[in-house]
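As the structure is a prediction and not an experimental result, all values here were calculated from the model. Just so we're on the same page: letters track the sequence lines, and every chain starts at 1.
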Amino acid sequence: MSVTRPRGTNDFLPEDTVKWQQIEKLLRDLCAEYGFQEIRTPIFEDTELFVRGVGGTTDIVQKEMYTFTDQGDRSLTLRPENTASAARAYLENKMFGLAQPVKLYYMGPMFRYERPQAGRFRQFHQFGIEVFGSSSPLADAEIIAFAWEFYNRLGLKGLSLQINSVGCPACRPNHKEALKDFCRDNLNKFCATCQDRFERNPLRMLDCKSPVCQELLNNSPEIIDHLCPDCTQHFSKVQELLDAAGIPYQINPRLVRGLDYYTKTAFEISLKEIGAQSAVCGGGRYDGLISDLGGQPTPSVGFALGMERIFAALKSQGIDHFCTQNTDAYIAVLDQNEKTLTTAFKLALALRQAGLACEQDLLARSLKAQFKQADRLNAAYTVIVGGEELSEGKAQVRNLANSSQELVPLENICNYLKESGDK
RNA sequence: GUGGAUGUGGCGAAGCGGUUAACGCACCGGAUUGUGGCUCCGGCACCCGAGGGUUCAAGUCCCUUCAUCCACCCCA
């Protein structure tokens with residue numbers, strides 16, 4: 001093998017894609033029920049969109065973007081996520097002029113230059129939904145309920161939902177200062193990255209994985225204690241709604257999302273058993289994003305979920321009830337002469353026109369080998385074309401499950417198979 | 001970017017310095033020549049990730065490199 005696929009990418013083979021299609025169908029059905037409509041944005045965007053939308057200090061922008069210059073000297077970037085694009089499209093297409101809120105969904109590949117590991121790839125796939133134009137906690141609760149329902153329908157168990165409020169521009173600075181005051185005296189004891197974060201983005205210190213840092217942060221000021229009245233009320237309303245929906249959750253004051261655009265509600269759904277990258281869904285409110293991109297202030301909430309991680313979860317829980325494609329009839333030929341082959345070819349076409357899934361041998365194999373192939377394809381029937389029967393305009397139709405066989409005139413085979421299939 | 005593990009036929013997997021590199025699965029063919037799923041028989045590796053080196057002799061030891069997996073960082 002001289003050329004292989006790029007690092008961190010995957011080939012999804014037919015056995016995988018049937019599963020993808022079914023999961024995607026489930027998601028589209030849910031979207032229809034919840035009133036979300038699909039948007040498809042470009043795979044690449046102006047680099048500036050992500051710098052402004054996702055945030056210039058985030059890891060995504062600083063070290064994970066696939067950025068290139070095109071022949072017109074424009075700096076473009078393969079999308080690392082889809083929320084910024086959706087917001088851009090909302091603005092650019094003046095969707096603020098539509099009846100609000102605007103509820104959109106997307107699914108497709110995203111690109112981040114990271115070291116691959118379990119549940120992490122350089123090209124990965126997300127499904128996400130966004131509600132533009134509503135500041136109501138109902139919207140927050142609605143999308144969380146959407147995600148929860150999705151995992152329920154898949155049959156996944158043991159998921160944990162964590163929620164937090166990261167405040168808004170009015171109250172976040174208070175907490176930030178309180179946190180800095182708290183850490184300042186012991187700053188040299190924190191890990192190197194946290195010391196770095198202290199100035200640039202102290203909130204990120206909260207979800208540092210280092211046990212040392214976590215120890216030092218015991219009893220640190222919680223954002224929840226510094227929320228302004230508006231954020232406090234919003235957060236408690238979201239909790240009430242989740243309670244009303246019977247959705248279990250934990251409040252995690254340390255939950256801080258890695259993208260700059262989040263405000264108020266932040267949430268994450270995780271499943272530890274799939275590895276270190278256990279977050280299967282993450283999202284929250286981003287009331288400042290649209291205005292950051294140059295639009296009128298537009299409150300918005302959304303989430304994204306990782307498709308590959310869903311498959312990892314399904315696999316680890318042994319959930320594999322995906323139906324596979326079946327073959328209704330396999331057309332086998334007795335002799336490899338032109339008349340037989342043409343008859344078989346025409347028969348196959350006629351059966352397909354009638355909506356039956358059928359295949360014929362394309363390798364000039366022996367009859368025995370053709371039967372083996374029919375068996376592998378799990379065909380319900382094998383039609384044997386050729387010999388004496390063909391000269392009488394008939395063919396043998398064999399039921400592979402019970403090994404019964406009948407002689408049927410060629411022109412009746414289609415109906416014969418359809419009637420048998422209806423039983 | 002850092003650390004750990006691994007790299008033998010399409011897949012799984014023995015071999016750990018010395019004749020023609022086990023075995024299982026899959027695949028192809030056959031078992032009185034027009035019929036499958038079971039069984040039996042046969043077939044299927046020029047390169048043991050790649051490139052150097054040590055040795056009379058190297059998948060088997062050493063170095064380099066690449067890839068994969070896992071973990072850190074961070075995220076879906």
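If you take atom C1' in rU6(B) and the same atom in rA13(B), they sit 14 Å apart, rounded to whole Å. Rounded to whole Å, the P atom of rG7(B) lies 11 Å from the corresponding atom of rC61(B). Atom name P, nucleotides rA22(B) and rG4(B): the rounded distance is 35 Å, in whole Å. For the P atom pair drawn from rG59(B) and rU19(B), the interatomic distance equals 10 Å after rounding to whole Å. Taking the C1' atoms as reference points, rC27(B) lies 33 Å from rC70(B), given to the whole Å. When the C1' atom is used for both rG51(B) and rG37(B), the distance is 49 Å, rounded to whole Å. Here, rC72(B) and rG15(B) have their C1' atoms 36 Å apart, quoted to the whole Å. For the C1' atoms, the distance from rA58(B) to rG18(B) is 9 Å, rounded to whole Å.
Look at CG on Leu255(A): it is 10 Å from P on rA76(B), rounded to the nearest Å. For Arg122(A) and rC69(B), the CZ to P distance is 11 Å, given to the nearest whole Å. Regarding Gln123(A), its CD atom lies at a distance of 17 Å from the P atom of rA76(B), rounded to whole Å. Taking atom CG of Asn10(A) as the reference point, atom C1' of rC69(B) lies 12 Å away to the nearest angstrom. Between Ile274(A) atom CD1 and rC70(B) atom P the separation is 11 Å, expressed in whole Å. Atom CZ in Phe121(A) sits roughly 12 Å away from atom C1' in rU68(B) (whole-Å rounding).
Thr58(A) places a side-chain N or O within 3.5 Å of a backbone atom of Gly55(A) that can act as its donor or acceptor partner. No side-chain donor-acceptor contact under 3.5 Å links Thr77(A) to the backbone of Arg79(A). For the pair Arg309(A) (side chain) and Ile274(A) (backbone), a donor-acceptor distance under 3.5 Å is absent.
With Glu33(A) as reference, Arg153(A) is the one residue of Arg28(A), Lys103(A), Arg153(A) to meet the salt bridge (Lys or Arg N to Asp or Glu O under 4.0 Å) rule. Shown are Phe111(A), Phe311(A), Trp20(A), Tyr106(A); of these, the ring-ring contact (aromatic ring centres under 6.0 Å, His included) with His125(A) is made only by Trp20(A).
Nearest heavy atom pair, residue Thr263(A) against residue Gly288(A), reads CG2-N, 4.4 Å.
Within the 4.0 angstrom heavy-atom criterion, no nucleotide atom of any strand lies near Gly128(A). Across all strands shown, Ala304(A) has heavy atoms under 4.0 Å from sugar-phosphate atoms exclusively, and none from any base.
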*What does nucleotides 26-36 of chain B look like as a protein-contact string, B for base, S for sugar-phosphate only, - for none, at under 4.0 angstrom between heavy atoms?*
-SSS-B--BBB
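Between Gln117(A) and the phosphate of rC70(B), there is no side-chain N or O to OP1/OP2 separation shorter than 4.0 Å.
Cation-pi geometry between Lys264(A) and Phe235(A) is not met at under 6.0 angstrom from the ring centre and within 45 degrees of the axis. In this structure, Arg398(A) fails the cation-pi test against Tyr381(A), since its NZ or CZ atom is not both closer than 6.0 Å to the six-membered ring centre and inside 45 degrees of the ring normal.
Base orientation of rG4(B): anti (glycosidic angle beyond 90° from 0).
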Hey, what are the protein-to-nucleotides 1-5 of chain B N/O distances that come in under 3.5 Å?
| unit_1 | atom_1 | unit_2 | atom_2 | d |
| --- | --- | --- | --- | --- |
| rU2(B) | O4 | Arg115(A) | NH1 | 2.8 |
| rG3(B) | O6 | Arg115(A) | NH2 | 3.3 |

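For Asp328(A) and Lys418(A), the salt-bridge test fails: no basic side-chain N is under 4.0 Å from an acidic carboxylate O.
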*asked:* For RNA chain B, please output the secondary structure as dot-bracket, reading 5' to 3'. Pairs are Watson-Crick or G-U wobble, both atom distances under 3.5 Å; mark crossing pairs with [ ], other-strand partners with |, unpaired with a dot.
replied: ((((((((.[[[..)..(....]]].(((((.......))))).....[[[[[..)....]]]]])))))))....
